[in-house]
Amino acid sequence: MFEEENQTLNQRVLAFCNAHGLPVEKLMWRKIPFSGEWGMAAPLFPLAAEDPQRSGPVPQHAQTLAVALKEALGELPGFSRSEAVKGYLNLYYETSQYAQEAVNLVLETGENYGSQAQTGDPVMVEYSNVNTHKPIHVGHLRNVILGGTICRILEASGKPVVRANYIGDIGLHVMKWLYTYQRFHAGEEPPQDIMRWMSDIYTEAERYFSEDPEYEAAVRAYFNRWDAGDAEVKALWEKTRTWSMDGFMQTYALLDEHFDRIYFESEVEEPGKELVEELVKSGLAEDGRPENPVIIDLDKMLGTKEEYRVVVLLRSDGTSLYSTKELPLAMLKFKEYPLELSIYVVDVRQTLHFKQAQKILELMDYAPASRMKHLAYEIVNLPGNVTMSSRDGTVVLLDDLVREACTRAQAIVEEKNPDLCEHERGEIAMAVALGAIKYPMISRETTKVVTFDWESALDFNGQSAPYIQYAHVRANSILRKAGEMKYQASSMAAKFSYPLEIAEVNLVEKLTELPDLIQRAAAELKPSLLTTYGYELAKSFNDFYNSCPVLNAEPAQRNDRLALVSATRFALGNTLKLLGIQAPDAM
RNA sequence: GCCCCCGUAGCUCAAUGGACAGAGCAGCAGCCUUCUAAGCUGUUGGUUGCGCGUUCGAAUCGCGCCGGGGGUACCA
């Protein structure tokens, strides 16, 4: 926006700085931070500090420079006035021109407003990473929503994305499940709600396993059959793994997430073992078998102290570990795709693990290692900083949460909108419930622990997804009625030639922020920037809604305000879409 | 012990090194014959854990403490 005007401005600023021997690169423009004001502001302090002509204190000299710069700039096209105050130079936009450009840009680009066309090599984002034969709880939810949102933000910022999911389909937990199924549920087929059914069997297996040593021994014996390649065990594993995956797909469909490439632990186990043998041969790894495991003592190798620690690559009995499989998986990804970046959305407890894996790949002279990035996010706890544990029965299952939230949302929709048919009410309730559940998972910084509590998860008021959805509904409602009254906003260019209300100024200002914010959120991998933005945009719209009549305004004003409402609906809808939250037309 | 993260209003959280540190929830007082009250307005609430430093300027950067969480050789 304002390219020509900015060029003029930059030329004059440069001329001023050159004339006074000032470092022009130190002049940083930002938006004026006051509500209801439009424009750009620059602090003159950095220039004042380096000005050889300065005699007095910096703040005073900054003010002197601000005044001088203001004089040097004179009348600027696109700006209505300027002022030098407290060491800052403030340039105020010409009201109607700025609003016109801002609103029309949104209306021209519509559903693409804020997004860039995708170019270049893809970025892979690995997320979700659930284990088969186990249930999905709200802890997993943060990962899925965070990962999915990062994918959408990256795509909007102009990067092609490959969505990867690394499924834990082998290991002791699977054996517990298989053995328990074989013993108590043989021949049973999963019902409609696969996840619930598999979860119940898993809980059962956990209980027997931890309470009864003989049961544990039986499970381990079963594991040996697996290791020996027992055909019956393998067949059962394949069949039940499919059930589990079907259950996951139901959940992903519910959450509106999908994946381009699903990797299985079972797929990289053998390549991992082979790679470890190579590492031993090359002398990088120390083979202590059969008494000791295969390890790499990274600290010894790098001369560091208690930083990289010792990595165990293979158990002393030769069976694989998490670390065994990480290396071939990383390489497989780069082999399959020309990745610019390989991101791992995995919780913070695995930070050392990824640091080690990346370092080992570096030591192997594997060049793409530098393009791996671990996005470490904090976990979801219960009130009192209690970590969810299936053994203690403190896990909140995703299904239970969704069901409860949906029931509550349903009751509110029925009260507010009894005219809608049952099907529509159900869809709205689901959109609201899922939005409310997803929002807190991405609305705080990834480095901060999310505390889950039922009360706030089911609160559809205040700073929440339903608040933003509701603003979208209100905008939609105005536009629908305008349509019925035969006023089409998007077809008429907005002029904004009337004096704008403060609420309108703030709303237009918010609209303009989206494109840059998407770029920043992508660069910093921070979805929380967009949740905050969505809330602020909705709040600005609600202010506008309350203070500026649209349908009953004078014709010129009505037309322009309809354009503004239409633009806002796009911005709200686009933001919600990035967050993976539906934008209903009614609530 | 060592490494990483967090510490801002009673609670949950915001704030590209820049102007008066802002929201929501909770509390109190108001607003539905006007575009959906899942909304809005007003009000109460702060030595940004503590100290020193860097800077014209620090919640933000550095160092040192204090408090909480996580990780730290055969779990993932």
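All values reported here derive from a predicted model rather than from experimental measurement. In the text below, chain A, chain B and the rest are named by the order of the sequence lines, each starting its count at 1.
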Once you apply a heavy-atom cut-off of 4.0 Å, does [X] come out as touching a base, just sugar-phosphate, or nothing?
X: A/Arg520; answer: sugar-phosphate
X: A/Asp516; answer: nothing
X: A/Pro440; answer: nothing
X: A/Glu265; answer: sugar-phosphate
X: A/Tyr535; answer: sugar-phosphate
X: A/Pro549; answer: base

- Message: Counting C-beta onward and ignoring hydrogens, is there a side-chain heavy-atom pair between A/Ile262 and A/Phe248 closer than 4.5 Å?
- Response: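 A/Ile262 does not reach A/Phe248 side chain to side chain.
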Partner nucleotide of [N] by Watson-Crick or wobble geometry (both distances under 3.5 Å):
N: B/rG67; answer: B/rC6
N: B/rG30; answer: B/rC40
N: B/rC52; answer: B/rG62

OP1 or OP2 of [N] versus the side-chain N and O atoms of [X]: is any pair under 4.0 Å?
X: A/Arg349; N: B/rC5; answer: no
X: A/Tyr533; N: B/rA23; answer: no
X: A/Asn461; N: B/rG39; answer: yes
X: A/Arg480; N: B/rC35; answer: no
X: A/Lys305; N: B/rC3; answer: no
X: A/Lys448; N: B/rG69; answer: no

If we ignore angles and hydrogens, is there a donor and acceptor under 3.5 Å between the side chains of [X] and [Y]?
X: A/Asn542; Y: A/Tyr467; result: yes
X: A/Ser540; Y: A/Asn506; result: no
X: A/Tyr92; Y: A/Glu83; result: yes

- Glycosidic class, syn or anti, of B/rC20 using a 90° window around 0: anti
Look at the side chain of [X] and decide which nucleotide, out of [options], has an atom nearest to it.
X: A/Pro293; options: B/rG39, B/rG71, B/rC74; value: B/rC74
X: A/Leu321; options: B/rC74, B/rC3, B/rA19; value: B/rC74
X: A/Lys86; options: B/rA19, B/rG18, B/rC35; value: B/rA19
X: A/Arg309; options: B/rA73, B/rG68, B/rU72; value: B/rU72
X: A/Glu445; options: B/rG18, B/rU34, B/rA15; value: B/rA15

- Fit a plane to each ring of A/Phe354 and A/Tyr344, take the angle between them on a 0 to 90° scale, and name the class: parallel (under 30°), tilted (30 to 60°) or perpendicular (over 60°). tilted
- Query: Hey, is A/Tyr88 doing a stacking thing with B/rG18, by the 5.5 Å centroid and 30° angle criteria?
  - Reply: no
